[in-house]
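This is a predicted model, so every value here is computed, not measured. Chain letters run A, B, ... following the sequence lines, proteins first and then strands; every chain starts at 1.
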Number of protein chains: 2
Amino acid sequence: MTKQIDLKSTLLYGISMAILLFLLKWLELRFVVFDHLFEVYAAIISVIFMVLGAWLMHNFQQRKLEKENAKQEIVAVPELGLSQREMEVLVFMSQGFTNQQIADKLFLSIHTIKTHGSNLFVKLDVKNRTQALVRAKELEILE
Amino acid sequence: MTKQIDLKSTLLYGISMAILLFLLKWLELRFVVFDHLFEVYAAIISVIFMVLGAWLMHNFQQRKLEKENAKQEIVAVPELGLSQREMEVLVFMSQGFTNQQIADKLFLSIHTIKTHGSNLFVKLDVKNRTQALVRAKELEILE
DNA sequence: CGTAATTTCATACTAAAGTATGAGTGCCGA
DNA sequence: TCGGCACTCATACTTTAGTATGAAATTACG
């Protein structure tokens with residue numbers, strides 16, 4: 001399915017049609033005065049509001065992008081307060097082990113590993129283990 | 001990034017425009033009968049074309065964004081049979097993004113990302129994304 | 001031109017991850 | 001001694017990840 005659509009040509013097409021309609025009516029007006037004014041207005045309104053809509057969406061997207069970019073600020077944390085166990089869990093995570101595998105290696109319950117994991121993510125300000133690994137390398141507490 | 005004119009979508013938009021023109025004509029006929037409702041029709045047309053414009057701009061921005069994301073020049077790894085898309089997904093995974101986030105960035109369904117992920121894991125002989133990252137670095141196809 | 005590989009999307013499911021909350025234990029320093 | 005901290009475990013829950021399977025469109029290639 002072609003979800004990606006040739007929009008440039010389409011936009012061009014739409015505008016062209018509107019302008020063409022406008023021109024036709026404008027020419028027609030020279031002979032038939034004030035008879036079909038509605039179509040003229042409709043064409044004008046169409047063009048104006050299509051452009052307006054495009055402009056509004058453009059601004060909306062722009063703001064959305066700025067917000068996303070602002071999200072990437074790297075927070076400098078000198079003391080993360082990572083405990084011994086949390087560091088161990090983090091290291092095992094970085095080696096690709098699942099929570100269950102880590103639990104087996106440390107002779108702990110998987111619940112405990114999850115708890116350490118959650119606390120870890122809070123301290124690193126991330127949402128999941130892969131993000132935690134990225135952040136840990138940024139902060140140079142791994143590798 | 002097909003620079004060829006998408007015949008199918010162009011036709012689709014042509015039909016859409018035809019329908020809109022028909023609508024305009026119909027509105028004109030109604031205008032003859034109820035000439036006091038001009039403002040209502042103008043409002044309807046305004047909304048329709050504003051939405052159309054917003055929608056067109058939205059899609060246009062999407063294509064632009066996708067092109068920007070593709071700027072990283074990610075190359076497929078034939079030795080492992082990794083395709084272009086699989087490499088892209090792998091890179092995004094290595095940056096800590098969730099499947100949903102990757103789907104948003106590539107303007108794909110999350111199902112597609114999962115499919116690429118699964119195929120990726122088979123080719124890398126791993127079970128999950130963290131293991132995939134470890135393996136990818138071992139094979140020096142990342143960083 | 002036809003065939004294989006790629007890409008996309010979907011449903012339906014299972015597995016794993018992650019959150020929220022509470023609670024018991026032991027250790028250490030004020 | 002006592003409060004705080006680290007560690008442990010648990011239940012219950014939501015979310016995300018991953019698998020299996022099928023299908024369809026596109027692309028690449030001989």
Side-chain angles (χ1 to χ4, degrees), chain A residues 1-6 79-90 92-135, chain B residues 1-9 11-12 62-63 66 69-70 74-135:
Chain A
M1 184 181 8
T2 58
K3 196 176 180 181
Q4 298 154 10
I5 296 153
D6 196 334
E79 291 291 338
L80 284 166
L82 293 192
S83 71
Q84 182 64 33
R85 276 305 203 201
E86 285 163 356
M87 267 305 295
E88 294 182 58
V89 172
L90 178 60
F92 279 123
M93 280 182 174
S94 74
Q95 294 169 354
F97 295 108
T98 66
N99 287 336
Q100 186 60 62
Q101 288 172 324
I102 299 174
D104 293 341
K105 284 179 180 294
L106 296 178
F107 301 104
L108 297 177
S109 162
I110 189 177
H111 306 296
T112 306
I113 306 301
K114 285 187 176 183
T115 301
H116 287 322
S118 277
N119 297 333
L120 200 50
F121 299 156
V122 171
K123 291 180 181 177
L124 289 178
D125 190 29
V126 294
K127 285 292 184 183
N128 55 55
R129 64 214 291 123
T130 23
Q131 279 179 20
L133 302 189
V134 173
R135 174 55 56 88
Chain B
M1 272 161 276
T2 54
K3 284 191 175 175
Q4 306 169 345
I5 295 176
D6 192 335
L7 189 62
K8 200 180 292 181
S9 57
L11 269 177
L12 185 66
Q62 278 196 349
R63 303 190 81 213
E66 185 177 9
N69 284 338
I74 296 164
V75 186
V77 183
E79 308 89 57
L80 289 168
L82 293 192
S83 71
Q84 179 70 29
R85 274 304 203 203
E86 285 163 356
M87 264 307 292
E88 294 182 54
V89 171
L90 179 61
V91 168
F92 279 123
M93 280 182 175
S94 75
Q95 294 171 353
F97 295 108
T98 66
N99 287 335
Q100 186 59 63
Q101 288 173 325
I102 299 173
D104 292 341
K105 284 180 180 294
L106 296 177
F107 303 103
L108 298 177
S109 161
I110 188 176
H111 306 296
T112 306
I113 305 301
K114 285 186 176 184
T115 300
H116 288 321
S118 277
N119 297 333
L120 199 51
F121 299 156
V122 171
K123 291 180 181 177
L124 289 178
D125 191 28
V126 293
K127 285 291 183 184
N128 54 54
R129 63 216 288 123
T130 26
Q131 281 178 19
L133 301 189
V134 173
R135 187 104 186 86

Could you state the [atom1]-[atom2] distance from [X] to [N], rounded to the nearest angstrom?
{"X": "E88(A)", "N": "dT8(D)", "atom1": "CD", "atom2": "C1'", "result": "14 Å"}
{"X": "F121(A)", "N": "dA16(C)", "atom1": "CZ", "atom2": "C1'", "result": "12 Å"}
{"X": "L90(A)", "N": "dA17(C)", "atom1": "CG", "atom2": "P", "result": "15 Å"}
{"X": "M93(B)", "N": "dA17(D)", "atom1": "CE", "atom2": "P", "result": "8 Å"}
{"X": "M87(B)", "N": "dA5(C)", "atom1": "CE", "atom2": "C1'", "result": "18 Å"}
{"X": "I102(A)", "N": "dA16(C)", "atom1": "CD1", "atom2": "P", "result": "13 Å"}
{"X": "K127(A)", "N": "dT19(C)", "atom1": "NZ", "atom2": "C1'", "result": "9 Å"}
{"X": "L120(A)", "N": "dA17(C)", "atom1": "CG", "atom2": "P", "result": "14 Å"}

* Given dG18(C), is OP1 or OP2 found less than 4.0 Å from the side-chain N or O atoms of S118(A)? -> no
* To do: Please collect all side-chain hydrogen bond (donor to acceptor under 3.5 Å, both in side chains) contacts where either partner lies in residues 106-116 of chain A, sequence neighbours excluded, each pair once.
  => none
* **Residue whose nearest DNA chain C nucleotide is more 5′ - I110(B) or T130(A)** => I110(B)
* Asked: Any salt bridge (Lys or Arg N to Asp or Glu O under 4.0 Å) pairs touching residues 118-132 of chain B, not counting sequence neighbours?
  -> E86(B)-K123(B)
* For every nucleotide of nucleotides 11-16 of chain D, 5' to 3': is a protein heavy atom under 4.0 Å from its base (B), only from its sugar-phosphate (S), or from neither (-)? -> B-----
* Structure fact -> A correct 5'-to-3' footprint of nucleotides 21-30 of chain C, with B, S and - meaning base, sugar-phosphate only and no protein heavy atom under 4.0 Å, is ----------
* Using the closest heavy atom to pick a nucleotide of DNA chain D for each, name whichever of S109(A) or R129(B) lands nearer the 5' end. => S109(A)
Protein and nucleotides 4-7 of chain D: nitrogen or oxygen contacts under 3.5 angstrom:
unit_1 : atom_1 : unit_2 : atom_2 : d
dC7(D) : OP1    : R85(A) : N      : 3.3
dC7(D) : OP2    : S83(A) : OG     : 2.3

* Mind listing the closest non-hydrogen atom pair of I102(B) and F92(B) along with its distance? => CG1-CB, 3.5 Å
* Structure fact -> Here the pair of heavy atoms bringing N99(A) nearest to M93(A) is OD1-CE, 3.9 Å
* Asked: Can you list the steps and then say if M87(A) with Q84(A) is a side chain to side chain contact (heavy atoms under 4.5 Å, CB included)?
  -> CA-CA 5 Å; M87(A) 267 305 295; Q84(A) 182 64 33; 5.5 Å; no
* To do: Could you tell me which residues satisfy side-chain contact (heavy atoms from CB on, under 4.5 Å) with Q101(B), sequence neighbours excluded, listed by chain and number?
  => Q131(A), F97(B), T98(B)
* To do: Determine to 10° how strongly the helix from dC1(C)-dG30(D) to dA30(C)-dT1(D) is bent, judged from the axes of its five-pair ends.
  => 60°
* Gap separating the CD1 atom of I113(B) from the CD atom of E88(B), nearest 0.5 angstrom -> 9.0 Å
* side chain to side chain contact (heavy atoms under 4.5 Å, CB included) evaluation trace for L133(A) with L90(A) -> CA-CA 8 Å; L133(A) 302 189; L90(A) 178 60; 4.2 Å; yes
* Q100(B): partners by side-chain hydrogen bond (donor to acceptor under 3.5 Å, both in side chains), with sequence neighbours left out -> D104(B)
